[in-house]
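Down below is the structure, laid out as structure tokens.
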Amino acid sequence: MRDAYHEELDSIGDGLVEMARLVGSAIGRATTAILDSDLKLAESVIEADQKVDDLQHDLEARAIALLARQQPVATDLRIVVTSLRMSADLERSGDLAQHVAKLARLRFPEKAIPHDLHATILEMGQLAQRLMAKAAEVIITKDVDLALQLEQDDDAMDLLHRTLFQHLLDDKWKHGIETAVDVTLLGRYYERFADHAVSVAKRVVYLVTGEHADEFQQEIQPVTGVEGA
């Protein structure tokens with residue numbers, strides 16, 4: 001019975017990894033769709049989000065069943081509860097990738113992104129995909145150091161997000177209000193996607209250590225000086 005129980009716990013972790021990989025792929029393909037105005041690719045991203053939703057529903061059902069049957073305590077309880085929260089982060093990430101694809105579909109056959117912003121949006125899409133890939137690795141390895149790195153990696157996304165706004169506020173902006181709204185929304189989608197990847201990593205820190213990531217980081221800060229030295 002205990003072997004079956006731990007196999008079920010492991011399978012929940014496997015489901016989270018699959019969700020992370022699916023949403024990471026989705027944001028990459030959605031980025032290509034919006035930059036290339038590829039309607040077929042956009043539609044495939046939109047349709048594929050159902051699989052992410054199905055995985056979340058299945059994971060939730062298994063987690064709740066475990067809670068009811070096994071009444072886990074201590075670390076096992078933390079695994080189940082934290083997994084439920086991670087699945088919500090990953091499901092929302094899938095929705096954000098879908099939003100990018102829907103914007104590509106909405107503007108088809110026109111391109112939603114002006115040529116002078118292509119490089120920035122491409123970089124945001126690639127960074128979002130890398131962050132989610134790292135989050136998947138953190139789920140697999142339970143590597144706390146790697147998990148804590150994600151928040152620093154996310155600083156690059158925040159910088160790209162600010163870069164978009166600098167373009168929008170520039171007096172030389174000539175692409176109109178509709179495009180400005182599209183770009184604003186896109187920037188928010190990528191920024192939030194990255195935040196969810198960071199959130200997943202932080203939840204792994206809590207799963208492993210029993211402490212929230214911010215508290216854990218404060219505890220391991222090195223002492224840089226001694227008073228009176």
Side-chain angles (χ1 to χ4, degrees), residues 11-64 79-108 112-113 121-140 147 150-151 153-154 156-158 160-161 182-204 207:
S11 74
I12 289 174
D14 293 341
L16 290 171
V17 172
E18 185 176 0
M19 286 182 72
R21 287 173 173 167
L22 285 172
V23 300
S25 172
I27 197 68
R29 292 183 296 117
T31 301
T32 299
I34 201 158
L35 292 178
D36 295 348
S37 193
D38 188 329
L39 180 60
K40 185 176 180 180
L41 184 58
E43 293 284 10
S44 74
V45 174
I46 294 165
E47 292 171 7
D49 186 57
Q50 185 60 50
K51 185 173 182 180
V52 176
D53 293 344
D54 291 344
L55 278 168
Q56 189 203 17
H57 295 156
D58 178 63
L59 189 150
E60 283 183 344
R62 285 186 284 137
I64 291 169
I79 290 171
V80 176
V81 173
T82 303
S83 295
L84 285 169
R85 291 172 176 169
M86 284 194 282
S87 75
D89 279 313
L90 294 168
E91 188 275 335
R92 183 57 185 148
S93 298
D95 288 345
L96 291 163
Q98 187 184 58
H99 291 341
V100 175
K102 283 182 175 180
L103 186 55
R105 182 176 67 180
L106 177 66
R107 298 304 176 211
F108 181 83
I113 305 302
I121 294 297
L122 177 61
E123 192 172 354
M124 293 181 86
Q126 291 174 339
L127 178 57
Q129 194 167 7
R130 289 197 303 273
L131 285 169
M132 192 56 73
K134 188 175 282 190
E137 185 179 352
V138 167
I139 296 171
I140 294 169
L150 255 79
E151 191 161 16
D153 295 341
D154 182 49
M157 183 66 81
D158 294 336
L160 288 167
H161 195 205
D182 288 348
V183 170
T184 300
L185 288 172
L186 270 180
R188 182 61 174 163
Y189 297 154
Y190 286 116
E191 189 262 343
R192 289 298 298 143
F193 187 99
D195 285 347
H196 283 297
V198 172
S199 179
V200 167
K202 284 184 171 183
R203 295 191 195 284
V204 173
L207 189 156

Side-chain heavy atoms of I139 within contact of V200, under 4.5 Å: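 Yes - at least one pair of side-chain heavy atoms lies under 4.5 Å apart.
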Does a side-chain heavy-atom distance below 4.5 Å link L207 with M86?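 Yes; the side chains approach each other to less than 4.5 Å.
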Closest contact, heavy atoms only, [X] versus [Y]:
| X | Y | answer |
| --- | --- | --- |
| A112 | R107 | CB-CG, 3.7 Å |
| R21 | A136 | CG-CB, 4.5 Å |
| S11 | R62 | OG-NH1, 2.7 Å |
| A201 | L150 | CB-CD2, 3.8 Å |
| Y190 | A128 | CD2-CB, 4.3 Å |
| A20 | M132 | O-CG, 3.3 Å |

Quick check: does any side chain N or O of [X] sit under 3.5 Å from a backbone N or O of [Y], one acting as donor and the other as acceptor?
| X | Y | value |
| --- | --- | --- |
| S44 | L41 | yes |
| E91 | D53 | no |
| S83 | I79 | yes |
| S87 | L84 | yes |

side-chain contact (heavy atoms from CB on, under 4.5 Å) between V52 and Q98, worked out: CA-CA 11 Å; V52 176; Q98 187 184 58; over 6 Å; no
SB check [X] [Y] (cutoff 4.0 Å):
| X | Y | answer |
| --- | --- | --- |
| R192 | D195 | yes |
| R188 | E191 | yes |
| R85 | D89 | no |

Take atom CD in E43; do more than 12 heavy atoms of anything else shown fall under 6.0 Å from it?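 Counting neighbours around CD of E43, more than 12 heavy atoms of other residues, nucleotides or ligands fall under 6.0 Å, so yes.
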In Å, rounded to the nearest 0.5 Å, how long is the span from [atom1] of [X] to [atom2] of [Y]?
| X | Y | atom1 | atom2 | answer |
| --- | --- | --- | --- | --- |
| K102 | L185 | NZ | CG | 13.0 Å |
| F108 | L39 | CZ | CG | 5.0 Å |
| F193 | D154 | CZ | CG | 11.5 Å |
| E123 | T31 | CD | OG1 | 12.0 Å |
| H161 | T184 | NE2 | OG1 | 7.5 Å |
| L127 | I27 | CG | CD1 | 11.0 Å |

Let me see the working for I113 and D182 under side-chain contact (heavy atoms from CB on, under 4.5 Å), right down to the final yes or no. CA-CA 8 Å; I113 305 302; D182 288 348; 5.6 Å; no
Run the side-chain contact (heavy atoms from CB on, under 4.5 Å) test on L59 and Q56 for me, step by step, so that the C-alpha distance in whole Å, both residues' side-chain angles and the decisive distance to 0.1 Å come before the verdict. CA-CA 5 Å; L59 189 150; Q56 189 203 17; 5.6 Å; no
Out of I121, I46, V45, L186, which one pairs with V100 under the side-chain contact (heavy atoms from CB on, under 4.5 Å) rule?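 Passing option: L186.
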Step by step, would you call V198 with K202 a side-chain contact (heavy atoms from CB on, under 4.5 Å)? CA-CA 6 Å; V198 172; K202 284 184 171 183; 4.0 Å; yes
